[in-house]
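First up is the structure itself, then whatever we jot down about it.
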Amino acid sequence: MKRIHFALLLCFATAICFAQGKKDLDLRDVIAGKFRVEGIQGMRSMEDGEHYTRIINNKQIKKYSFRTGEEVATVFDVATARDCNFEQFDGYIFSPDEKKILIRTNTQARYRRSYTAVYYIYDIRNNRLETLSDGGPQEAPQFSPDGHQIAFVRDNNIFLVKLLFGNSESQVTEDGEFNKVLNGVPDWVYEEEFSMNSAFEFSPDNNMIAYIRFEETEVPMYSIQMWGNNYPDMYSYKYPKTGERNSKVSVHTFDIKSRVTRKVNLPVEESDYIPRIRFTSDPTKMAIITLNRTQNKLDLYFADPRSTVCKLILREESAYYIDEDALDNIRFYENNFTLISERNGYKHLYWYNFNGGLVKQVTQGDFEVQRFIGWDKVNNSFYFEANVDGVTQNAVYKTGKKGELINLSGVKGTNSGDFSKTFKYFIHTHSNISTPPLVEVKDNTGKTLRTLVDNAKLKTMIEEYNLPTREMFTFKTSQGITLNGWMIKPAGFSASKKYPVIMFQYSGPGSQQVLDRWRMGGQGNGIGWDHYMANQGYIMVCVDGRGTGGRGEEFQKCTYLNLGVKEAKDQVEAAQYMGTLPYVDKTRIGIWGWSYGGYTTIMSMSEGTPVFKAGVAVAPVTDWKYYDSIYGERYMRTPNENPEGYKAASAFTRADKLNGRVLLVHGTADDNVHLQNLAEYTECLIQLDKPFDMHYYTNRDHGIYGGNTRQHLFAKITRFFLENL
């Protein structure tokens with residue numbers, strides 16, 4: 001078919017919108033966030049459990065009462081603070097006694113979670129600001145438990161500021177050096193795959209600092225060319241790919257008074273990971289969590305920071321792998337700690353004593369505890385989020401006096417809770433597939449006290465633009481597996497017409513896109529690109545295939561050692577199911593995704609069943625040998641251990657079966673999924689004489705944003721589907 005000019009297609013779509021008597025949804029407004037969901041910025045519960053603070057317009061920190069909702073005080077204001085030389089700020093950290101605040105400004109992102117910033121110490125009583133340090137931007141600062149000291153990292157070394165001695169600054173470590181040694185902050189792969197941006201802690205008695213040291217000299221280097229100068233620059237950093245050398249990690253303690261540094265005598269292999277260190281309330285018991293490189297064995301040690309002796313307290317093992325989210329659900333209390341384990345097939349909460357003895361299993365059943373919130377010592381209640389009512393649902397729960405589960409959300413859909421320090425109140429956020437987020441204050445019985453955010457403006461926009469809502473559906477695959485999905489039908493939908501379909505998916509291990517929540521898969525949390533394309537006459541669809549989360553260990557981990565194969569098969573069968581619906585044009589079905597979703601897009605279009613006419617893969621992995629060690633080996637082990645699995649999971653292996661028109665997109669400065677993935681893959685396609693379209697974004701990372709970039713990207717994706725589908 002002869003291609004129709006993009007501008008004519010948009011004019012035709014606009015004419016349809018006006019003919020239907022509704023406002024035209026403009027792509028530029030969608031991408032710019034005009035329809036974004038309203039929320040609460042920088043909310044923090046205060047120590048008294050009766051108040052919380054929040055950021056107002058990046059200029060103020062205000063204090064509110066949980067019970068009444070009234071504004072109690074303005075805690076910080078850039079307009080009135082003494083010696084304030086900035087007009088807005090990015091974040092804040094209270095001291096434990098809440099007499100001082102670290103104000104974050106000039107934030108400069110490095111990777112996904114790490115950043116440097118210029119911090120100021122704000123004395124609430126004196127209403128005065130002073131710089132934390134004059135030696136350059138700081139990273140990952142934290143107060144000591146008594147609030148009299150602040151430690152931070154600069155240039156891979158730890159520094160200490162003593163506030164009672166005129167803010168005197170001293171250097172704790174001396175050997176930090178880029179691409180060689182990091183002290184107190186993680187290397188790239190730990191940050192990305194263990195979700196961390198800090199690797200040090202004060203002891204509860206304020207006398208010690210414990211930190212993880214990363215020695216990455218032997219980790220292979222990856223270089224990214226950066227354009228902008230007459231001769232491009234090269235950014236080189238340490239990136240361990242599957243099967244390659246990782247950083248050598250060790251735990252050290254620094255005695256603040258004697259300035260003695262000790263290496264903890266941790267009985268681990270050189271290849272093991274140390275993803276967390278946490279002091280318990282006992283200064284002689286520092287918790288160290290380790291994982292073997294295969295990531296199927298987690299050990300919890302208690303170490304004495306002075307003697308450096310370690311004692312194994314708990315060992316958790318899996319036949320597959322241990323999810324990364326288990327790390328931050330291990331919480332320490334006076335004599336106990338929590339663990340979320342899949343040992344019985346589902347993620348459940350367990351309660352241990354400090355000797356490693358199991359006190360009780362807190363939850364049980366065919367559901368998953370998705371986030372542990374905390375333990376209320378006064379009432380001996382556990383608070384958590386779980387999908388008790390089904391895989392697409394979740395709610396906030398607490399345990400009653402007899403261990404029964406009490407639903408504090410009270411409504412179906414997706415729910416989350418941010419609790420006060422005393423668990424007396426919580427900020428409850430609720431949404432469902434047709435309702436934007438509602439933010440309320442509730443007490444710990446689930447009673448609503450008041451509404452903070454109702455997103456009334458967004459609801460009005462939905463009516464003004466006559467936007468359709470999503471619909472949930474299920475279908476069974478040829479193997480009898482029930483999969484969950486959602487779809488958005490075009491406004492003015494008629495079952496007697498035939499519509500093209502665009503399928504969006506992510507598909508990565510443990511992920512979930514099909515939930516009863518207000519979130520548009522693919523672009524943003526408001527009215528997103530999916531709604532825009534529905535307005536152009538497409539049915540937008542998303543299906544969670546095998547390997548995704550919320551359905552227990554067997555469903556999620558069935559893709560272990562064979563990524564991409566079952567995921568692609570399920571997307572193909574989802575497309576085939578859509579093709580059986582009377583209102584779907586089965587000759588015009590497309591698929592797209594980003595990152596793992598881009599990988600699954602290519603794998604699905606090359607599965608061997610020619611069901612997809614067009615697809616877009618943004619920043620995709622094309623072979624797991626190109627990806628990082630922690631993520632790749634968690635699901636695939638090393639290439640030497642699993643050569644057949646890597647072969648089957650490679651987009652190169654099935655490139656000869658690629659069917660349909662494909663657009664490949666990548667940022668040239670992607671530090672996560674390297675441009676190498678597409679560079680090598682497109683060369684393979686060329687040699688196979690397979691047609692493809694490709695676009696790269698200069699100096700953009702995995703998120704592909706900045707300036708007009710996102711607008712250009714989604715306009716290009718839109719144009720591609722309009723012309724090819």
Side-chain angles (χ1 to χ4, degrees), residues 31 109-113 188-189 191-193 222-227 235 237 239 241-242 502-509 511 513 521-524 528-529 542 563-564 567-568 571 590-606 614-628 630-632 635 649-652 655 658 662-685 692-721:
I31 303 306
R110 183 165 59 238
Y111 302 125
R112 187 188 296 268
R113 296 174 180 86
W188 185 93
V189 73
E191 174 184 332
E192 177 67 24
E193 306 303 356
Y222 190 87
S223 296
I224 296 173
Q225 195 164 23
M226 305 294 293
W227 284 271
Y235 177 75
Y237 69 114
Y239 184 103
K241 298 188 179 186
T242 50
I502 299 176
M503 294 172 51
F504 164 79
Q505 44 69 49
Y506 180 72
S507 302
S511 65
Q513 298 294 324
Q523 176 61 29
W529 185 76
C542 180
L563 291 183
E567 299 96 310
Q571 294 303 313
I591 185 171
W592 88 284
W594 199 310
S595 194
Y596 201 104
Y599 163 67
T600 306
T601 294
I602 296 171
M603 294 291 283
S604 301
M605 295 180 71
S606 310
V616 178
V618 182
V621 172
T622 57
D623 194 306
W624 293 104
K625 69 182 181 182
Y626 296 140
Y627 201 55
D628 77 60
I630 293 179
Y631 188 94
Y635 308 116
S650 174
F652 294 82
L658 177 66
V662 64
L663 170 63
L664 306 171
V665 179
H666 221 104
T668 66
D670 193 333
D671 60 283
N672 185 353
V673 180
H674 298 143
L675 181 62
Q676 176 186 16
N677 283 270
L678 278 196
E680 301 281 6
Y681 181 64
T682 54
E683 170 61 15
C684 176
L685 295 181
F692 64 91
D693 295 319
M694 182 178 180
H695 190 85
Y696 61 83
Y697 285 90
T698 305
N699 295 346
R700 301 304 180 193
D701 64 13
H702 196 57
I704 311 182
Y705 63 92
N708 191 54
T709 305
R710 273 293 174 93
Q711 166 63 29
H712 188 279
L713 169 61
F714 276 92
K716 187 167 191 65
I717 295 173
T718 300
R719 181 165 55 248
F720 178 82
F721 279 124

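Along the sequence shown, residues carry numbers from 1. Keep in mind that this is a model prediction, so the values were computed, not measured.
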Check: Has F652 got more than 12 heavy atoms of other residues, nucleotides or ligands less than 6.0 Å from its CZ?
Finding: yes
Note to self: Could you measure the distance from the CD atom of E192 to the OH atom of Y239? Nearest 0.5 Å is fine.
What the structure shows: 8.0 Å
Notebook entry, point to check: Do you know the tightest heavy-atom contact between D701 and D671?
Noted result: CB-OD1, 3.9 Å
Checklist line | Partners meeting side-chain hydrogen bond (donor to acceptor under 3.5 Å, both in side chains) with S223 (sequence neighbours left out) | finding: S236
Note to self: Applying side-chain hydrogen bond (donor to acceptor under 3.5 Å, both in side chains), can you list everything that pairs with T682, at least two apart in sequence or on another chain?
What the structure shows: none
Margin query: For G706 versus T709, what's the shortest heavy-atom pair and its separation?
Written below: O-OG1, 2.5 Å
Margin query: Nearest 0.5 angstrom please: L713 CG to Y705 OH, how far?
Written below: 13.5 Å
Note to self: For G593, is there any backbone N or O sitting under 3.5 Å from a side-chain donor or acceptor partner on T601?
What the structure shows: yes
Notebook entry, point to check: Are K716 and L663 side-chain neighbours, meaning at least one heavy-atom pair lies under 4.5 Å?
Noted result: yes
Checklist line | Distance, nearest 0.5 Å, that separates OG of S595 from CD1 of I704 | finding: 10.0 Å
Notebook entry, point to check: To the nearest 0.5 Å, how far apart are CZ in R112 and CG in N672?
Noted result: 5.5 Å
Next item on the list: Kindly indicate whether the side chain of V618, heavy atoms from C-beta on, has any atom under 4.5 Å from the side chain of I717.
Entry: yes
Note to self: Measuring only between side-chain heavy atoms, which start at C-beta, is H702 closer than 4.5 Å to V673?
What the structure shows: yes
Item checked: Contacts of Y237 that satisfy side-chain hydrogen bond (donor to acceptor under 3.5 Å, both in side chains) - sequence neighbours left out -> H674
Next item on the list: Work out which heavy atom in Q505 is nearest to a heavy atom in C542; give both atom names and the distance.
Entry: CA-SG, 4.4 Å
Next item on the list: Please confirm whether the backbone N or O of S650 pairs with a side-chain atom of D623, one donor and one acceptor, at under 3.5 Å?
Entry: no
Margin query: In the structure I gave you, are the side-chain heavy atoms of D628 and W188 within less than 4.5 Å of one another anywhere?
Written below: yes
Notebook entry, point to check: Sequence neighbours excluded, which residues qualify as ring pair (Phe, Tyr, Trp, His ring centres under 6.0 Å) partners of Y635?
Noted result: Y321, Y631
Check: Mind checking whether V616 and W594 have side chains closer than 4.5 Å, heavy atoms only?
Finding: no
Notebook entry, point to check: Who passes side-chain hydrogen bond (donor to acceptor under 3.5 Å, both in side chains) against H712, sequence neighbours left out?
Noted result: Y697
Check: Would you say T622's side chain and L678's backbone share a donor-acceptor pair under 3.5 angstrom?
Finding: no
Next item on the list: With the side chain counted from C-beta on, respond yes when T668 and I224 share a heavy-atom pair under 4.5 Å apart, and no when they do not.
Entry: no
Margin query: Looking at every heavy atom in both A614 and F721, which two are closest together, and how far apart are they?
Written below: O-CE2, 4.1 Å
Note to self: Is a donor from one side chain sitting under 3.5 angstrom from an acceptor on the other, for Y599 and E567?
What the structure shows: no
Next item on the list: Please name all residues satisfying salt bridge (charged side-chain N to carboxylate O under 4.0 Å, His left out) with R110, sequence neighbours left out, ordered by chain then number.
Entry: E139
Note to self: Using every non-hydrogen atom in the two residues, find where Y681 and I602 come nearest and quote the distance to one decimal.
What the structure shows: OH-CG2, 3.1 Å
Next item on the list: Specify the closest pair of heavy atoms between L685 and L664, including all atoms of both residues, with the distance to one decimal.
Entry: CD1-CD1, 4.3 Å
